[in-house]
Every structure is written in structure tokens, then in C-alpha cells.
Asks: 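Below is a structure I'd like to ask you about.
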There are 2 protein chains.
Amino acid sequence: MKNQSKPVYLKLRDLIAAAIIDGQYKEGEMLPSVRALAAEQGANPLTVAKAYQQFQNDGLVEVQRGVGMYVVKGAAQILRDRDREIFLKEEWPEIRARMARLGLAPEKLLAET
Amino acid sequence: MKNQSKPVYLKLRDLIAAAIIDGQYKEGEMLPSVRALAAEQGANPLTVAKAYQQFQNDGLVEVQRGVGMYVVKGAAQILRDRDREIFLKEEWPEIRARMARLGLAPEKLLAET
DNA sequence: GGCGCTGTATTATGGCACTGATGCACTATT
DNA sequence: AATAGTGCATCAGTGCCATAATACAGCGCC
């Protein structure tokens, strides 16, 4: 009955990415250890590691074995640019199409915020 | 990397819902048979049946056993209203938050279409 | 009745993603 | 050396998804 609409490691990935972009995890500083973040989020250390893995592959964090993982310089910028690209190219068109189908008026949505 | 790995039966569900809302599958008319849609979409008949199942449960289609499944009157309206509700309450806030994080201006994007 | 079209139920199987427990390798500090 | 903190690899368990192979049941038409 573990019904999560979204896998935990992806949620964590988004959480971490947001933290980096917002400067909560600053560049050059160390990320929370897998065990620490796992305890904080009530997840498994391995699941957190899997989330971190994504950032290693992209070269956004550097691993010092036995020490910790550090945020690479310029990671926030890269991350934001990349996410912006993905959002505009892949997600936004779908959102627009869906709004059109549902007959939602853009002006209304903007007024409500 | 982003698997567009959404379950097939959910993709089909969205596809059918969109078709009903757009009037492609008109009210009172018959939906494609499970076998027909399966062949057309390159899916398994059982998977299509699973997608159709969702609409039966919601009373949006009526089953005439041995004949076919028919779109109930008012289904398009109900479907659109329900989807609109979900979109506004659950998805739109997240989209807004994400756009804010990425430094994207909603007015600009909405104006461009 | 016979044929062909509908949807439905059953059972089994393979694949794959997610999660978890345990232990190991490495490093810094004492 | 001892200790405690890192990340990482291995193995296993679980659940969902999709498919397959049938078989069954209702309806319309000839």
C-alpha cells in the first residue's frame, strides 16, 4: 500500500535541486550526508544516495570519498538554465494545450495570484 | 533521465478523455472497441479495457454488453469540469511555484500564444 | 441456429522500478 | 591505532505494469 504518485528518489532530487537553485545549499559547501538527509526526510540512505547520483552524473556535485559531497561552482546557474529549458520545451506546451482544452482563461489565472 | 514512462493505461485514459472533451468521441456514440483501439495504438486489448474501466466506474460511459461502450450524455462537460478542478487546485500552484523558482514570467509566456 | 461482433474473467509470466538491510572502503580526527 | 564520519556495492524482497493465452457471456443479424 505504498502508494506514492511519485518515486521518493525523484521527490528528493527535486527537493535538492530546488535547494541548490535557491542557494540553500551553497556552492562549494557540503551537502547533507546521505544518512543525515535520510533521517531528516524519513527515507532510506540508499534512496537519498540514488537521488544524489543524478547530480554526480551531471557533474553538479563532486564526491570526496570518505568526506562528503560538495556543490560545484556554477551548479545553481546550470541547474536553473537546464530546468528552464526543459520546462519551456517539454512541459509548457502541454500545459498550454491542456488549459486550452479545459477552457481556462490565462488572464483569470494571473489575476488570482 | 526522464522516462516518459507513464503507464500505458494511464496514457490511454488521458487520450480518451481528451477525445471525449474535444468531441472527437461524441456523446451517445460508441467508443472504439477494446480490440480496435488496441490495434490502433499498438497496445494490448486488456490494457485498453483497463483504461475504459476508469470511465465506467465514473459513470461516464455505458456498457451495452455484446454491443459496445457508449459515451453518456453530459460526459464531456463532467469530464472537463472535473479536470479543470484538479488542474486549478493541484497542478497550477505547483506550476506557478516552479516558474517563480526558474525566474520565468507567466505574463510573457501566456501572451506568446 | 450460426456467425461475428462486442466486453469480461481467469491465470500465468516476464520485466522493471523502488526500497531496504548489511557490509565494505575511504578519510579525517583523536 | 582507534574511532566515527563519509559514500558505495551487493543482494534480496516487493509491487506494479504489461502481456499472453484462453475461455466465457451477451447482442445483432443473416
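Chain A is the first sequence line, chain B the second, and so forth, proteins listed ahead of strands; every chain is numbered from 1.
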Asks: With a 3.5 Å cut-off and heavy atoms only, can you find an N or O donor on one side and an acceptor on the other between the side chain of Arg35(A) and the base of dG5(D)?
Replies: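 Absent.
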Asks: What I'd like to find out is whether the side chain of Leu104(A) reaches to under 4.5 Å of the side chain of Phe87(B), using heavy atoms alone.
Replies: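 Yes, side chains in contact.
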Asks: Report yes if some heavy atom in the side chain of Leu60(A) is under 4.5 Å from a heavy atom in the side chain of Ile20(A); otherwise report no.
Replies: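 When only atoms from C-beta onward are counted, Ile20(A) and Leu60(A) do not touch, as no gap falls below 4.5 Å.
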Asks: Whole-Å distance between dT6(C) P and Met30(B) CE?
Replies: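 Result: 6 Å.
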Asks: Angle, rounded to 10°, between the helical axes spanning five pairs at each terminus of the helix from dG1(C)-dC30(D) to dT30(C)-dA1(D)?
Replies: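 Taking five pairs per end, the axes differ by 0°.
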Asks: Atom CD of Gln41(A) and atom C1' of dT19(C): how far apart are they, to the nearest Å?
Replies: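 Spelled out: CD on Gln41(A) to C1' on dT19(C) is 16 Å.
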Asks: Would you check if Gln41(B) and Leu12(B) make a side-chain contact, meaning some heavy-atom pair closer than 4.5 Å?
Replies: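 Yes. Closest side-chain heavy atoms under 4.5 Å.
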Asks: CD1 of Ile16(B) versus P of dG7(C): gap in Å, rounded?
Replies: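 Computing the Ile16(B):CD1 to dG7(C):P distance gives 11 Å.
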Asks: Please state whether the phosphate of dT6(C), meaning OP1 or OP2, lies under 4.0 angstrom from any side-chain nitrogen or oxygen of Ser33(B).
Replies: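 Checking Ser33(B) against dT6(C): at least one side-chain N or O falls below 4.0 Å of OP1 or OP2.
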Asks: May I ask you to decide whether Asp83(B) forms a salt bridge with Arg101(A), counting only side-chain N to carboxylate O separations under 4.0 Å?
Replies: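 Result for this pair is no, no salt bridge flagged.
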Asks: Could you state the atom-to-atom distance from CG of Leu37(A) to P of dC8(D) in whole Å?
Replies: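 Rounding to the nearest Å, CG of Leu37(A) and P of dC8(D) are 14 Å apart.
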Asks: Would you kindly compare Gln64(A) and Leu46(A) by the position of their nearest DNA chain C nucleotide and give the one closer to the 5′ end?
Replies: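 Nearest nucleotide further toward 5': that of Leu46(A).
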Asks: Tell me whether Glu85(A) is salt-bridged to Lys89(A), with the criterion being a basic N under 4.0 Å from an acidic carboxylate O.
Replies: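 Looking at Glu85(A) and Lys89(A), the cut-off is met.
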Asks: Please state how far atom CG in Leu31(B) lies from atom P in dC5(C), giving the value in whole angstrom units.
Replies: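 The answer, rounded to whole Å, is 19 Å.
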Asks: Is there a residue in residues 49-61 of chain B whose heavy atoms reach under 4.0 Å of DNA chain C, and which residues are they?
Replies: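 Output list: Gln56(B).
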Asks: How long is the line joining NZ of Lys6(B) and P of dA17(C), in whole Å?
Replies: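 To the nearest whole Å, that distance equals 18 Å.
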Asks: Check the distance between dT6(C)'s P and Met69(B)'s CE and give it to me in whole angstrom.
Replies: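 The distance from CE of Met69(B) to P of dT6(C) comes to 13 Å, rounded to the nearest Å.
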Asks: Given 3.5 Å as the limit, does a donor-acceptor pair link the side chain of Asn44(A) with the main chain of Leu46(A), or not?
Replies: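 Such a contact is found between Asn44(A) side chain and Leu46(A) backbone.
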Asks: Tell me if the CD atom of Glu62(A) is crowded by more than 12 foreign heavy atoms within 6.0 Å.
Replies: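 No.
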Asks: Does Thr47(A) put a side-chain nitrogen or oxygen below 4.0 Å from OP1 or OP2 of dC18(C)?
Replies: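 No, Thr47(A) has no side-chain N/O under 4.0 Å of OP1/OP2 on dC18(C).
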Asks: Rounded to the nearest Å, what distance is computed from the CZ atom of residue Arg65(A) to the P atom of nucleotide dC24(C)?
Replies: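 My rounded result for the distance is 14 Å.
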Asks: What nucleotide among dT19(D), dC27(D), dG7(C) has an atom nearest to a side-chain atom of Asn44(B)?
Replies: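 Minimum distance to the Asn44(B) side chain belongs to dT19(D).
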Asks: Would you say Leu102(B) and Arg80(A) make side-chain contact, with heavy atoms under 4.5 Å?
Replies: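 Yes. Closest side-chain heavy atoms under 4.5 Å.
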Asks: Any chance you could lay out the salt bridge (charged side-chain N to carboxylate O under 4.0 Å, His left out) test for Asp14(B) and Lys6(B), step after step, and finish with the verdict?
Replies: CA-CA 11 Å; Asp14(B) 293 344; Lys6(B) 201 173 179 182; 2.9 Å; yes
